[in-house]
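To start, the structure under review is shown below, and the notes come after it.
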Amino acid sequence: MAGNSQRRNRRTSNKKGMQVGSGGQRRRGLEGKGPTPPASARKGHVKNRIANAKAKQAAHRRPAPRRGGAKGTSELVVGRNPVFEALRDGVPATTLYVQQFIENDERVREALQLAADRGINLMEAPRPELDRMTNGLNHQGLVLQVPPYEYAYPEDLAAAAFDDGEDPLIVALDGVTDPRNLGAVVRSVAAFGGHGVVVPERRAAGMTAGAWKTSAGTAARTPVARATNLTRTLESYQKAGMTVVGLAADGEMELQDLEVLDGPVVIVVGSEGKGLSRLVGETCDVRVRIPMPGGAESLNAGVAAGVVLWEAARRRA
C-alpha cells in the first residue's frame, strides 16, 4: 500500500498547476519590434555592408600598400632630350650609359649633372655597345636604364585607406593602353586625395618611363596595383563594401545624380575607343555618364577620371 501511495504522489507532482495568467506574454507579442534600426544596422543594406567591412578592416589592420607585387620590365630611355627630361622629372633610374668621346653639349652636361646629383651610376660605353643595347635606335650617345616598376597589391589599396579611417577612392583602368593616360590618372588621383590606381596585367598600359613623366612625380607617392583579373578584383572590392562605378557614354545615371562618391568607391574608366569591356561593365554596380553640353562624344581616360575625382573630392570636403 505504501508503494502505491508513492506512485500516486509522483504522478500528482508531475502535473502542471493552474496558470493564473499569461505572464505578459500576449502583451509583449502585441508590442511590435520597436523603431526601425538605422540603415547601417539592417542586414543586406549597402550601408550595413560598408559598416561591416570597416569593422573587419579595423579588426585586421594592415600596413600601407605593399610594393613588391607583380613587377614590370626594365626599360631603356634613349636620346639626349628624352634622357634629360626623364632625369629632370624624377623617373627612377639605375644607370646612365654615356658614349665614349661624345660631343659634350649643354644637354649632355645637364643630364650628367642630374644623374650625379641623384646618385645614378655613370657608365661609359663604345657606340657599338649602345647600338646593340638599343637595337639600333638613334640614342645620340645617351641611354638611361629604368628599373622594373614594383606594383602594389590591389587589396592593399583599400586596406590602407580603411586603416587610416578613410573611405577608399580608387580608380581602375579597363583597356587603357596609352602610358600617358595612365600617368595623367595617377596625377589626378594624387591631386584629389585618391588612394591608388589598378591596372590589368594584360593588354593595358603599365608604369613605363612615359607614365612616370606624365604623372609629374606623383607616381612616387601614389601606388599603382596590377590585377591578374580585373573583374575578380572589382568583385573583391564589392565584398569589402565598396561601390563599383563604371564610366560609360550610355550610362543610366548622370554624374551629378550619383550619391555614393562620398563613400568607399571604385571608379572604372574604359578606353576612349571601346569603353568598358562587357564583363567589367556587367560587374559595375552602376554606370554613370559625364554630361557634355559641347557635344563631344567621349573624353580620354585621363580627363574623364579627373572630372569624377574632382566631384568626389568636392563631396568629401
Side-chain angles (χ1 to χ4, degrees), residues 46 49-50 53-54 56-57 62-67 69-70 149 151-176 181-201 204-207 211 215 218-248 255 258-270 276-277 280-281 283-288 301-316:
V46 63
R49 288 166 46 202
I50 293 171
K54 288 183 176 180
K56 186 183 296 184
Q57 293 294 340
R62 304 182 67 174
R66 297 170 290 169
R67 302 298 178 106
Y149 180 79
Y151 293 92
Y153 294 89
E155 63 270 22
D156 283 349
L157 302 185
F162 282 128
D163 282 350
D164 290 337
E166 300 175 355
D167 288 324
L169 176 59
I170 297 169
V171 175
L173 301 182
D174 178 26
V176 174
N181 267 332
L182 172 56
V185 170
V186 170
R187 187 173 184 178
S188 293
V189 168
F192 296 115
H195 299 96
V197 180
V198 178
V199 297
E201 192 172 295
M207 283 304 297
S215 77
T218 58
R221 61 180 186 273
T222 302
V224 177
R226 179 173 274 183
T228 304
N229 185 298
L230 184 58
T231 301
R232 285 202 294 266
T233 296
L234 295 177
E235 289 172 345
S236 69
Y237 281 147
Q238 289 170 325
K239 291 177 182 177
M242 303 176 67
T243 303
V244 177
V245 177
L247 301 188
L255 177 61
L258 185 64
E259 298 181 353
V260 298
L261 288 178
D262 58 349
V265 67
V266 183
I267 301 164
V268 189
V269 185
L276 299 175
S277 63
V280 168
T283 304
C284 294
D285 294 303
V286 61
R287 297 191 313 150
V288 175
V303 174
V307 171
V308 183
L309 286 165
W310 176 84
E311 178 66 14
R314 183 184 70 82
R315 298 191 189 185
R316 292 166 181 240

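The structure displayed is predicted, hence computed values, not measured ones. Side chains are part of it too, since the values below use all heavy atoms of this structure and drop only hydrogens, waters and symmetry mates.
- Side-chain polar atoms of Ser277 and Asp174 form a donor-acceptor pair below 3.5 angstrom.
- Taking the side-chain contact (heavy atoms from CB on, under 4.5 Å) definition, one finds that Ala161 meets it with Pro168, His195, sequence neighbours left out.
- Residues Val185 and Ala301 approach most closely at CG2-O, 4.0 Å, considering heavy atoms.
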Self-check item: Trace of the side chain to side chain contact (heavy atoms under 4.5 Å, CB included) decision for Val198 with Tyr237
Solution: CA-CA 12 Å; Val198 178; Tyr237 281 147; 3.6 Å; yes
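- With sequence neighbours left out, the salt bridge (charged side-chain N to carboxylate O under 4.0 Å, His left out) criterion links Arg287 to Asp250, Glu252.
- Taking CG from Leu173 and CD1 from Ile267, the interatomic distance works out to 11.0 Å, rounded to the nearest 0.5 Å.
- Taking CD of Glu201 as the reference point, atom CG of Leu230 lies at 12.0 Å (rounded to 0.5 Å).
- Here the closest non-hydrogen pair linking Gly206 and Ala211 is O-CB, 3.8 Å.
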Self-check item: Intermediate values then yes/no, side chain to side chain contact (heavy atoms under 4.5 Å, CB included), Val245 and Asp285
Solution: CA-CA 6 Å; Val245 177; Asp285 294 303; over 6 Å; no
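- In this structure, the side-chain contact (heavy atoms from CB on, under 4.5 Å) partners of Thr283, at least two apart in sequence or on a different chain, are Thr231, Leu234, Glu235, Gln238.
- Residues Thr233 and Pro154 approach most closely at CG2-CB, 3.7 Å, considering heavy atoms.
- With sequence neighbours excluded, the residues satisfying side-chain contact (heavy atoms from CB on, under 4.5 Å) with Ala184 are Thr214.
- Side-chain N or O atoms of Arg316 include one that pairs as donor or acceptor with a backbone N or O of Leu261 at under 3.5 Å.
- Taking each heavy atom of Val176 and Gly270 in turn, the nearest pair found is CG2-O, 3.8 Å.
- Side-chain atoms of Tyr151 do not come within 3.5 Å of backbone N or O of Val199 as any donor-acceptor pair.
- For Asn181, there are no side-chain hydrogen bond (donor to acceptor under 3.5 Å, both in side chains) partners, not counting sequence neighbours.
- The two atoms that bring Tyr149 and Thr222 nearest to each other are OH-O, 4.2 Å, heavy atoms only.
- Under the rule for a salt bridge (charged side-chain N to carboxylate O under 4.0 Å, His left out), the partners of Arg314 that lie at least two apart in sequence or sit in another chain are Glu311.
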Exercise. For the pair Val189 and Leu309, evaluate side chain to side chain contact (heavy atoms under 4.5 Å, CB included) and give the outcome as yes or no after the intermediate values.
Key: CA-CA 7 Å; Val189 168; Leu309 286 165; 3.8 Å; yes
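- Remark: Thr218 engages no residue in a side-chain hydrogen bond (donor to acceptor under 3.5 Å, both in side chains) (not counting sequence neighbours).
- Closest approach of Ala205 and Leu182 over heavy atoms only: O-CD2, 3.7 Å.
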